[in-house]
Amino acid sequence: MIVTEQKKFEEVLDSLEGHNKIFIVGCGSCATAWHTGGETEVKEMAARLEDQGKQITGWVVVDEPCDERKSKKELSRTYRQQVADSDALLVMSCGAGVQTVALSGVNKPVYPALNSLYLARVERLSKSDERCILCGDCVLAWTGGICPVTICPKGLLNGPCGGSQDGRCEVDATKECAWVAIYERLQALGQEEKLLVYRSPKNYSKMIHPRRVEKKAAVPA
Ligand code: SF4
Ligand code: SF4
């Protein structure tokens with residue numbers, strides 16, 4: 001899941017300055033699950049903006065606003081008139097959703113209501129932690145399914161640094177050392193021998209932004 005947080009309402013209001021008629025777009029995927037941009041939060045935002053004298057021309061929670069086809073369908077067809085009546089769109093999704101909405105053919109200014117934080121494991125509705133920085137070259141096969149690139153602040157690939165103390169991380173002692181967690185996991189799986197193999201430095205060129213993938217069309221059988 002992409003974890004987001006709501007911007008301070010004052011910041012949202014600032015960005016909407018000069019725009020009176022607002023159309024709000026929520027996200028039916030991550031932002032709904034994380035309670036930052038689902039139907040409940042969109043309605044709350046609409047009420048708060050109305051309290052500030054804004055007119056809400058309409059709102060929609062798009063299944064996945066980061067999918068241009070879905071955003072286009074809702075904004076250019078189903079809600080075309082409400083979007084046309086607005087001065088600006090406020091999008092309650094991650095940055096990918098905001099940009100997809102902006103590029104989906106709406107000829108209006110588009111503003112974010114959320115900050116995008118990280119790609120997460122969700123333990124419960126209010127607790128998540130970062131688990132993947134999308135390095136493009138996954139190493140989880142030999143680390144027991146625990147990512148040293150993300151969880152070790154130094155991104156070490158061949159065991160712990162010299163600062164690990166009592167199983168804690170020297171960079172943040174409130175956290176377990178990633179490599180202790182990896183060792184314990186591999187030991188539990190009977191796969192400690194994976195630690196004996198030297199791992200070459202990662203190819204970080206795979207993280208040069210912006211990245212783009214175009215999948216080849218499937219060839220019919
Ligand atoms: S190694 Fe870590 S950062 Fe890279 S893809 Fe795998 S989980 Fe994500
Ligand atoms: S103590 Fe462990 S998690 Fe922290 S920086 Fe060193 S190796 Fe990485």
Side-chain angles (χ1 to χ4, degrees), residues 1-6 27-37 63-68 70 91-100 112 114-218:
M1 177 193 291
I2 295 173
V3 166
T4 49
E5 65 175 6
Q6 289 197 350
C27 164
S29 187
C30 300
T32 286
W34 195 241
H35 298 289
T36 47
D63 245 9
E64 288 157 336
C66 53
D67 184 332
E68 192 172 270
K70 294 181 180 177
V91 183
M92 302 182 73
S93 76
C94 73
V98 178
Q99 293 178 69
T100 306
L114 309 183
N115 293 318
S116 306
L117 300 180
Y118 51 80
L119 196 54
R121 163 186 69 155
V122 175
E123 289 177 63
R124 54 177 188 265
L125 281 182
S126 57
K127 191 173 177 194
S128 73
D129 59 356
E130 186 173 20
R131 284 281 147 179
C132 175
I133 60 167
L134 307 174
C135 74
D137 184 17
C138 195
V139 304
L140 292 177
W142 42 269
T143 59
I146 296 170
C147 175
V149 182
T150 307
I151 297 164
C152 167
K154 299 177 187 175
L156 299 179
L157 295 180
N158 285 287
C161 68
S164 178
Q165 290 274 342
D166 301 323
R168 313 309 291 176
C169 173
E170 74 162 351
V171 175
D172 180 350
T174 65
K175 302 202 172 101
E176 185 179 29
C177 168
W179 275 100
V180 170
I182 289 168
Y183 175 74
E184 287 175 350
R185 178 82 178 136
L186 288 174
Q187 195 178 39
L189 295 171
Q191 296 181 344
E192 303 102 304
E193 79 283 353
K194 291 192 174 183
L195 294 171
L196 299 177
V197 180
Y198 170 72
R199 307 293 173 179
S200 306
K202 280 178 67 64
N203 177 7
Y204 282 102
S205 69
K206 290 193 167 183
M207 289 184 72
I208 294 173
H209 299 289
R211 293 177 278 183
R212 191 175 178 89
V213 173
E214 275 185 50
K215 287 198 281 189
K216 290 197 177 91

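Side-chain atoms are counted along with the backbone in the values below, which use heavy atoms only and exclude waters and symmetry mates. Just so you know, ligand 1 is whichever comes first in the structure, and atom 1 is the first atom listed for that ligand.
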With distance as the sole test, does [X] use its side chain to make a donor-acceptor pair with the main-chain N or O of [Y] at under 3.5 Å?
X: Ser93; Y: Cys27; answer: no
X: Thr150; Y: Ile133; answer: yes
X: Arg199; Y: Leu157; answer: no
X: Arg131; Y: Leu119; answer: no
X: Gln191; Y: Leu186; answer: no
X: Lys194; Y: Ala141; answer: yes

Item to check | Enclosure of Asn203 CG (heavy-atom neighbours >12, cutoff 6.0 Å) | outcome: yes
For [atom], what's the nearest protein heavy-atom neighbour? Residue, atom name and distance, please.
atom: atom 4 (Fe) of ligand 1; value: Cys135 SG, 2.2 Å
atom: atom 2 (Fe) of ligand 1; value: Cys147 SG, 2.2 Å
atom: atom 1 (S) of ligand 1; value: Val139 N, 3.3 Å
atom: atom 6 (Fe) of ligand 1; value: Cys138 SG, 2.4 Å
atom: atom 3 (S) of ligand 1; value: Ile133 N, 3.3 Å

Next on the checklist: Quick one, Ile182 with Trp179, criterion side-chain contact (heavy atoms from CB on, under 4.5 Å). Give me CA distance, side-chain angles, the key distance, then yes/no.
Outcome noted: CA-CA 5 Å; Ile182 289 168; Trp179 275 100; 3.6 Å; yes
Checklist entry - Can you list the steps and then say if Cys30 with Val3 is a side-chain contact (heavy atoms from CB on, under 4.5 Å)? => result CA-CA 7 Å; Cys30 300; Val3 166; over 6 Å; no
Next on the checklist: Quick check: do Lys202 and Cys135 have side-chain heavy atoms less than 4.5 Å from each other?
Outcome noted: yes
Next on the checklist: Side chain, backbone, both or neither: which applies to Leu140 and ligand 1 if a contact is any heavy-atom pair less than 4.0 Å apart?
Outcome noted: side chain
Item to check | Residue part near ligand 1, for Thr150, under 4.0 Å between non-hydrogen atoms | outcome: side chain
Item to check | Atoms in ligand 1 flagged as close to Leu134, the criterion being non-hydrogen separation under 4.0 Å | outcome: 3 (S), 8 (Fe)
Checklist entry - Which protein N, O or S atoms lie under 2.8 Å from atom 8 (Fe) of ligand 2? => result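 Correct list: Cys152 SG.
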Checklist entry - Does Cys132 put an N, O or S atom under 2.8 Å from atom 2 (Fe) of ligand 1? => result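 It does not: Cys132 brings no N, O or S atom closer than 2.8 Å to atom 2 (Fe) of ligand 1.
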